[in-house]
Amino acid sequence: DLASDVLDRTTSTVLSEKPLTGDAEQLRAFERRHRGAASRVHVVNHFAFSPEVEWAARLVDARGWGSPSTVLSTFNDPYVRKSSADRSTYVSSWIDSGPNQLGLLARFLSGCDVRSHSAYDDGTRSITEISYVGGSGILSSNWHTGDSSKQTSLRWRGGRELLLDHTAMTGLAVDAGRPAAHFGHDGVVDRKTAHYAAMYDAYLVEPDSDVFSLSFARSTAALLHQATTSAPAGGAIAWEPQP
């Protein structure tokens, strides 16, 4: 609604924080209403440009590793003690963290699809199983935690692996079961400044990149919707402790 209002009242380029929407039909209606002007809308996802993600994407490209066979991404935020009103501004752990995870994984894989999704009724936890061209993975989001902690691991056949710590902005690459490269951050700026500075630098260089596009926002909205309407993962998940 905010993006629509700005398009109506200005000729500005509109940068929207991810996700633009979690409702694919709502996005289609938005594009129909603003036919011709919707090209002024770009959606930004800061995790896709975190320093360790940039490093990892360059390494994978340089070494020709291709798409990973498995991924595991765990995003934890200490929001469980926030008031219900404060938590509602994030919608749910899946809506808050899922687009971040999907955005950074888009740097390494394509053709993502949701296989199953299970979540707390209050939205404070979720587990999502995905498949993609050449592999599969698990995404977890969790607000039942004492502090922020976010990691992603990507594995390839033959003993290749990337371990990315998004909180510390560090990375470790393993090739044939042996350490191959290590990435650290200079600590000059905080994590979010590093994320957003890199994101805006990328936008200024290539604003029409797919990762900023309505097409990518459309794919994200479809996956968010697909997850919330998919069958739960049955009894496979033991949620502990209870809230």
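None of these values were measured; they are calculated from a predicted model.
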Asks: Less than 3.5 Å apart, any donor N or O on the side chain of Ser126 or Ser141 sitting next to an acceptor on the other?
Replies: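 A donor-acceptor contact under 3.5 Å links the two side chains.
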Asks: Output yes when a side-chain donor or acceptor of Ser219 lies under 3.5 Å from a complementary backbone atom of Ser215, and no otherwise.
Replies: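 Here the side-chain-to-backbone pair exists.
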Asks: With side chains defined as the heavy atoms from C-beta onward, is the minimum distance between Lys18 and Asp96 less than 4.5 Å?
Replies: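 Lys18 vs Asp96: side chains touch.
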Asks: Same hydrophobic cluster for Val43 and Tyr90, using side-chain heavy-atom links shorter than 4.5 Å among ILVMFWY?
Replies: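 Cluster IDs for Val43 and Tyr90 differ.
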Asks: Evaluate the side-chain proximity of Val80 to Thr145: yes if any heavy-atom separation is below 4.5 Å, no if none is.
Replies: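 Of all side-chain heavy-atom pairs linking Val80 with Thr145, none is under 4.5 Å.
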Asks: Please answer whether the main-chain N or O of Trp94 pairs with a side-chain N or O of Gln101 as donor and acceptor at a distance below 3.5 Å.
Replies: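 Side chain of Gln101 to backbone of Trp94: no pair is present.
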Asks: Taking side chain as C-beta onward, heavy atoms only, is Leu2 less than 4.5 Å from Val14?
Replies: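 SC-SC contact between Leu2 and Val14 ruled out.
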Asks: Minimum heavy-atom separation for Leu214 to Ala38, with atom names?
Replies: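 Of all heavy-atom pairs spanning Leu214 and Ala38, the closest is CD1-O, 3.4 Å.
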Asks: Going by atom types alone, do Gln151 and Ser149 pair a side-chain donor with an acceptor below 3.5 Å?
Replies: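 There is such a pair between these side chains.
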Asks: Group every Ile, Leu, Val, Met, Phe, Trp and Tyr by side-chain heavy-atom contacts under 4.5 Å, then state whether Leu72 and Ile127 land in the same group.
Replies: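 Yes; tracing contacts between hydrophobic side chains, which count when under 4.5 Å, links both residues.
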Asks: Thinking salt bridges, do Glu25 and Arg28 make one under a 4.0 Å N-O criterion?
Replies: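 Looking at Glu25 and Arg28, the cut-off is met.
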Asks: Between Ser93 and Gly123, is there a donor-acceptor pair closer than 3.5 Å when you use the side chain of the first and the backbone of the second?
Replies: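 Pair found, side chain donor or acceptor close to backbone of Gly123.
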Asks: Going by atom types alone, do Asp122 and Thr124 pair a side-chain donor with an acceptor below 3.5 Å?
Replies: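 The answer is yes; a qualifying pair exists.
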Asks: Please name the pair of heavy atoms, one in Arg115 and one in Ser136, separated by the smallest distance, quoted to 0.1 Å.
Replies: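 Distance-wise, the nearest heavy atoms are NH1-CB, 3.4 Å.
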Asks: Are more than 12 heavy atoms, taken from residues, nucleotides or ligands other than Asp1, located less than 6.0 Å from that residue's CG atom?
Replies: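 No - once you tally the heavy atoms of other residues, nucleotides and ligands closer than 6.0 Å, there are 12 at most.
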Asks: Please determine whether residues Leu223 and Phe108 belong to a single hydrophobic cluster, defined as Ile, Leu, Val, Met, Phe, Trp and Tyr linked transitively by side-chain heavy-atom distances below 4.5 Å.
Replies: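 Linked, Leu223 and Phe108 end up in one cluster.
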Asks: For Phe216, is there any backbone N or O sitting under 3.5 Å from a side-chain donor or acceptor partner on Ser213?
Replies: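 Answer holds: yes.
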Asks: Quick one: CE on Met169 to CZ on Phe183, what's the gap to the nearest 0.5 Å?
Replies: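 It is 8.0 Å, given to the nearest 0.5 Å.
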Asks: Can you pull the side chain to side chain donor-acceptor pair (under 3.5 Å) pairs that have at least one residue in residues 167-178, sequence neighbours excluded?
Replies: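 As it turns out, the side chain to side chain donor-acceptor pair (under 3.5 Å) pairs with a partner in residues 167-178, which skip direct neighbours, are Arg160-Asp175.
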Asks: Kindly say whether Thr70 contributes a backbone atom to a donor-acceptor pair with the side chain of Arg155 at under 3.5 angstrom?
Replies: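 Checked: no pair found.
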Asks: I want to know whether His195 and Phe47 have ring centres closer than 6.0 Å.
Replies: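 Yes, the ring centres sit under 6.0 Å apart.
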Asks: To the closest 0.5 Å, what do you measure between OG1 (Thr10) and CZ (Arg40)?
Replies: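 Answer rounded to 0.5 Å: 5.5 Å.
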Asks: State whether the side chain of Lys150 and the backbone N or O of Ala168 hold a donor-acceptor pair below 3.5 Å, judged by distance alone.
Replies: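 No: the side chain of Lys150 does not pair with the backbone of Ala168.
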Asks: Nearest heavy-atom pair of Val174 and Trp65: which atoms, and what distance?
Replies: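 For Val174 and Trp65, the tightest heavy-atom pair comes out as O-CH2, 3.6 Å.
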Asks: Where is the tightest heavy-atom contact between Glu54 and Phe49, given as atom of each residue plus distance?
Replies: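 The pair with the smallest heavy-atom distance is OE2-CD2, 3.3 Å.
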Asks: How far does OG1 of Thr220 sit from CG of Leu27, to the nearest 0.5 angstrom?
Replies: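 CG of Leu27 is found 10.0 Å from OG1 of Thr220.
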Asks: I'd like to know if the side chain of Asn45 and the backbone of Pro99 have a donor-acceptor N/O pair within less than 3.5 Å.
Replies: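 Pair found, side chain donor or acceptor close to backbone of Pro99.
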Asks: Could you pull out the closest heavy-atom pair between Arg63 and Ala180, with the gap in Å?
Replies: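 In this case the closest contact between Arg63 and Ala180 is NH1-CB, 3.7 Å.
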Asks: Taking atom types as modelled, find out whether Ser4 and His34 have a side-chain donor-acceptor pair closer than 3.5 angstrom.
Replies: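 Yes - a donor-acceptor pair under 3.5 Å links their side chains.
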Asks: Please name the pair of heavy atoms, one in Thr21 and one in Leu224, separated by the smallest distance, quoted to 0.1 Å.
Replies: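 Shortest heavy-atom separation between Thr21 and Leu224 comes out as O-CD1, 4.2 Å.
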Asks: Output, in order, the C-alpha distance, side-chain angles, deciding distance and verdict of side-chain contact (heavy atoms from CB on, under 4.5 Å) for Phe75 and His166.
Replies: CA-CA 9 Å; Phe75 273 45; His166 308 300; 3.8 Å; yes
Asks: With side-chain contact (heavy atoms from CB on, under 4.5 Å) as the test, would you mind laying out the steps for Thr152 and Leu162 before giving the verdict?
Replies: CA-CA 8 Å; Thr152 299; Leu162 279 172; over 6 Å; no
Asks: In Å and rounded to the nearest 0.5 Å, what is the OG to CG distance from Ser73 to Leu104?
Replies: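 The OG atom of Ser73 sits 5.5 Å away from the CG atom of Leu104.
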Asks: Shared ILVMFWY cluster between Val91 and Leu139, side chains joined below 4.5 angstrom?
Replies: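 Yes, Val91 connects to Leu139 through the hydrophobic network.
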Asks: I'd like to know if Asp8 and Arg33 make a salt bridge, using a cut-off of under 4.0 Å between side-chain N and carboxylate O.
Replies: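 Looking at Asp8 and Arg33, the cut-off is met.
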Asks: List the steps and the verdict of side-chain contact (heavy atoms from CB on, under 4.5 Å) for His42 and Asp208.
Replies: CA-CA 8 Å; His42 301 275; Asp208 294 325; 4.1 Å; yes
Asks: Let me check something: do Val71 and Trp55 share a hydrophobic cluster, defined by ILVMFWY side-chain heavy atoms less than 4.5 Å apart, either directly or through other members?
Replies: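 Shared cluster, yes.
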Asks: Output, in order, the C-alpha distance, side-chain angles, deciding distance and verdict of side-chain contact (heavy atoms from CB on, under 4.5 Å) for His46 and Glu17.
Replies: CA-CA 9 Å; His46 59 96; Glu17 186 76 44; 3.7 Å; yes
Asks: Got a donor-acceptor contact below 3.5 angstrom from the Ser92 side chain to the Ile95 backbone?
Replies: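 Side chain of Ser92 to backbone of Ile95, a donor-acceptor pair under 3.5 Å: yes, one is there.
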Asks: In Å and rounded to the nearest 0.5 Å, what is the OG to CG distance from Ser97 to Leu102?
Replies: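 Interatomic distance, Ser97 OG to Leu102 CG, rounded to 0.5 Å: 10.5 Å.
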Asks: Strictly below 4.0 Å, N to O, side chains only: are Arg107 and Glu52 in salt-bridge contact?
Replies: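 Salt bridge absent between Arg107 and Glu52.
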Asks: Might you confirm whether atom CG of Leu204 has over 12 heavy atoms from other residues, nucleotides or ligands at distances under 6.0 Å?
Replies: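 Counting neighbours around CG of Leu204, more than 12 heavy atoms of other residues, nucleotides or ligands fall under 6.0 Å, so yes.
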Asks: Which of these, Leu7, Leu15, Thr13, sits in a side chain to side chain contact (heavy atoms under 4.5 Å, CB included) with Val41?
Replies: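 That would be Leu7; it is the only one of Leu7, Leu15, Thr13 passing the side chain to side chain contact (heavy atoms under 4.5 Å, CB included) with Val41.
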